Amino acid sequence: MSSAAYNRLHGLFKNSTATATATATGTGTSTAVSTTNKIVKEKTKRPKKSPAIPTATATATGTVVSRPKTENLAFEPLPMSQLTNSLANLKMFIDTFKRTSNTGPFRYSYKYYDDVVSHLARAKQHAYIEEILEHQKRYKTDMTKEAFVARLISLYGKSRMFDHARKLFDEMPELNCPRTVLSANALLTACINSKRLDKMPELFRELREELSIEPDEVSYNVVVKAFCEMDAIDSALQVADEMEKNGCECNLYTYNTILDALYGKGNILDADKIWDTMKSKNLDPDVRTYNAKLRGLIFANQITEAIGLLDEMKTKGVNPDVYTYNGLIHGFVKDDDLVAVKRWYAEMAANEIVPDSVTFRIIIPFASKKGDYQFGFELSKVGLLREMNVGRSNLQGVVDGLVKEAAVDEAKELVELVKASNFIYYKLKLSVNS
DNA sequence: CTAGGGTTAG
């Protein structure tokens, strides 16, 4: 889903309680419009006719457009914007979502479910998450496939609904779904994602002793992650030992998880020992391994070493990614070195690494802090044109700075750009104090 | 089913 669609959807959720009741008794004949306010205003208008929509989705009257099966099979997660645009309120969105679930390819689009559920979770609409996920139980054949149910467990976990995840796991036998270490791992991960680490030790024991599910390397990696989350890295290392004693090999997930924790605390010495361990096992570090170390070096203000590490990874054939460059740029921000930030931002482009919203969120406020509002202006434009969520306060900082420097035309240009973008939160005030 | 950076908005 694009960032723009994200913001529209999120805005929809925010206003959901108001609009849900306002339109509940209406005729439900709203046309496809782009903001919630407009939706409410135009709800009595008659739609001209059904809009041309490429796949099964809601029309303005809330019915489903049936398309030939072959087209449904070519489902792409594109209609998010259409769904959010054409819906008068959240309840309708949920109903449409449930109806659209009738097409198999839609149900198997993990990314789509993930997006919708995570936005619902952020908007604290847990009842709707339950509604969507419980709705899946009507697809009885799917519910007998463990991977499908594990996905739902995982989604509950990410929504911090551990009890729901647990309940679904318990229901699996009556859903005629085989229950193996795969769904057990999904449930263990749900402990972490729903911040219920307290549930983990008991659960781990229960899985093994009462359900006879033997942990595999994924299970151990989840436990390793859990201890790292609790800042108990020694315990994480003990689990790694235990895992090998039980016939599971530590892999990159294991070590990258531990390295992230160590470098995150600035513990470079212990982290280097992990690198030795990996080497002795012929386990080649990947981009995440290097990025973890890079972050550790930046944390310790060792910027020169960080640049050296970038060279090393290139030599070893590990391609740097946007995390690598963001980390490095973050280091130069810490170093208060705007010239270097600019150079490495350019270097990033030269290496064909596409900046992401974090890149802009790091650099733009720094440019403003250094008083280089022109650079902030350029970056803001790039970010907005790429439909990225650059951050309202970051944009405001640039606008204010431009105004302060009497660059009112540019300030206005930026404000206009913001207005034209689909980010409903970007309502900048042009603060001219004259 | 397992690992990453920075944190929105009335």
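On a predicted model such as this, the values are computed, not experimentally measured, just so you know. Letters go in sequence order (proteins before strands), and every chain restarts at 1.
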When all nucleic acid strands are considered with a 4.0 Å heavy-atom cut-off, which category describes A:Asn394: base, sugar-phosphate, or nothing? nothing
Quick one: which of B:dA9, B:dT8, B:dA3 gets closest to the side chain of A:Arg361? B:dT8
Can you tell me which nucleotide in B:dT2, B:dG6, B:dA3 comes closest to the side chain of A:Asn251? B:dT2
Quick check for you: among B:dA9, B:dT2, B:dA3, whose closest atom lies nearest to any side-chain atom of A:Ser393? B:dA9
Kindly state whether the ring of A:Phe97 and the ring of A:Tyr113 have centres lying under 6.0 angstrom apart. yes
Please report, rounded to the nearest Å, how far the P atom of B:dA9 is from the CD atom of A:Gln396. 11 Å
Just jot down the side chain to side chain donor-acceptor pair (under 3.5 Å) partners of A:Ser219, sequence neighbours excluded, or say none. A:Asn185, A:Asp216
Does a salt bridge link A:Lys370 with A:Asp336, judged by any charged N lying under 4.0 Å from a carboxylate O? yes
Considering residues at least two apart in sequence or located in another chain, which fulfil the side chain to side chain donor-acceptor pair (under 3.5 Å) criterion with A:Ser183? A:Glu146
Quick check on B:dG10: is either OP1 or OP2 less than 4.0 Å from any side-chain nitrogen or oxygen of A:Arg392? yes
Over 60° means perpendicular and under 30° means parallel, so tell me whether A:Phe148 and A:Tyr108 are parallel, tilted or perpendicular. perpendicular
With the side chain of A:Asn256 defined as its heavy atoms from C-beta on, choose the nearest nucleotide among B:dG6, B:dT2, B:dA3. B:dA3
Under 4.0 Å between any heavy atoms, over every strand shown, what does A:Thr289 touch: base, sugar-phosphate, or nothing? Just pick one. nothing
Nearest listed nucleotide, side chain of A:Arg151, among B:dC1, B:dT8, B:dA3: B:dC1
N-O pairing of A:Glu416 and A:Lys412 below 4.0 Å: no
So if I take residues 227-249 of chain A and measure heavy-atom distances to DNA chain B, which residues fall below 4.0 Å? none
Quick one: label A:Asn193 by what it contacts on the DNA or RNA (base, sugar-phosphate, nothing), any heavy atom closer than 4.0 Å. nothing
